[in-house]
Amino acid sequence: MRIDVLSCLPNLMTSFMSYSIIKRAIDSNLLQLNFHNLHDFASGKHKKIDDYAYSGTPGLVLKLEPIDRCIEFLKKSNDEKYDEIIYMAPDGEILNQKIAQEMSNKRNLIILCGHYKGVDERVREHYITREISIGEYVLSGGEIPACVLIDSIVRLIPGAINNINSALEDSFQDDKYVIAPPVYTRPKIYNNLKVPEILLSGNTKLINEWLNNESKKRTEKYNKLNNKNLT
Ligand code: SAH
C-alpha cells in the first residue's frame, strides 16, 4: 500500500511514523509512506502557501495552488490512479473501525492535512474524494488526525501485526468481541493486586466463557457511556 501525505508541517508526523507497527510495515515493504511539504509546491516570489479569507473571517487559509500542484505532481509521477484523496476535516465522516478496515484494502491514498482555518473550499469541491474526521472537536491541524487514520489503517494490513488474530480480537473489529475483554500479565500478584483466579486455571473453556462475559459487560458499559447500542 502507498500513502502520500500532504502537509505544511510534515515534521510533526515523521517521528510518529518511525516506531512500532508503522515502522515495521515500512521496513517490510507493506507500506510506502511519503510526506510532501506544501511549501515545496508554492510558487511566486514569496512562496506563500496561505492567505487571508475573502469573507473577512479571521485566520489564514491554505491556498489552492500548492495543493493542486502537489496532487498533479503525484498523479503524473504515479501511473496508477489514487483510490481516494482524503481530506482530514472536523466535519467529515467520523473515523471508525469499519472505515479503517475498508481503507486498509486500498492500494494508494493521498491524505491532505489542513491547517489554520482549513483549505480553500475549491480543494474540497474538486479534488477530494472523501473527508474524514477523528471526532467532534477541532485541532490546529490535520497532522495528528492523519497519524491517527494511518495508524488505524496500517495495523490492519495483513502482515503488519505478527499475529493478525491479535488485531481481529480487538474492540470494534466485529470479529470476536464488540469491546475486547480485560488483559493481565505477570506477576500473578503485585502489592496484593491479583490476577483473576480463572485466568490461571488453565481451563480453556472456562477462560473463554469468562472472556465473553467480560466483553459483554464492557460492551454494556460502553453503550451506556456513549449512548450507543452495539451488540
Ligand atoms: N475552520 C475549521 C477548522 C479548521 S482546523 C472548522 O471550523 O471546521 C484546521 C485543520 O485541522 C483542518 O483543516 C483539518 O485538516 C484539521 N482538523 C482539525 N480538527 C480535526 C478533526 N477533528 N478531524 C480531522 N481533522 C481535523
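Counting from 1, the numbers follow the sequence of the chain as shown. Order of listing sets the numbers, starting from 1, for every ligand and every atom in it.
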Would you say Tyr87 ends up clustered with Ile3 if hydrophobic residues are merged whenever their side chains have heavy atoms under 4.5 Å apart, either directly or through other cluster members? no
May I have all residue pairs that pass salt bridge (Lys or Arg N to Asp or Glu O under 4.0 Å) and include part of residues 135-161, sequence neighbours excluded? Arg155-Asp170
same_hphob_cluster(Leu95, Leu109) at 4.5 Å side-chain heavy-atom cutoff: yes
Minimum-distance pair of heavy atoms, taken over all atoms of Leu156 and Ala167: CD2-CB, 4.3 Å
Near ligand 1, which protein residues have a heavy atom under 4.0 Å away? Tyr87, Met88, Ala89, Pro90, Gly114, His115, Tyr116, Lys117, Gly118, Ile132, Ser133, Ile134, Gly135, Tyr137, Val138, Leu139, Ser140, Gly141, Gly142, Pro145
List, by chain and then residue number, the residues other than Leu230 in its hydrophobic cluster (Ile/Leu/Val/Met/Phe/Trp/Tyr, side-chain heavy atoms under 4.5 Å); write none if there are no others. Phe172, Val178, Ile179, Tyr222
The criterion is side-chain contact (heavy atoms from CB on, under 4.5 Å); which residues satisfy it with Thr129, sequence neighbours excluded? Glu84, Ile85
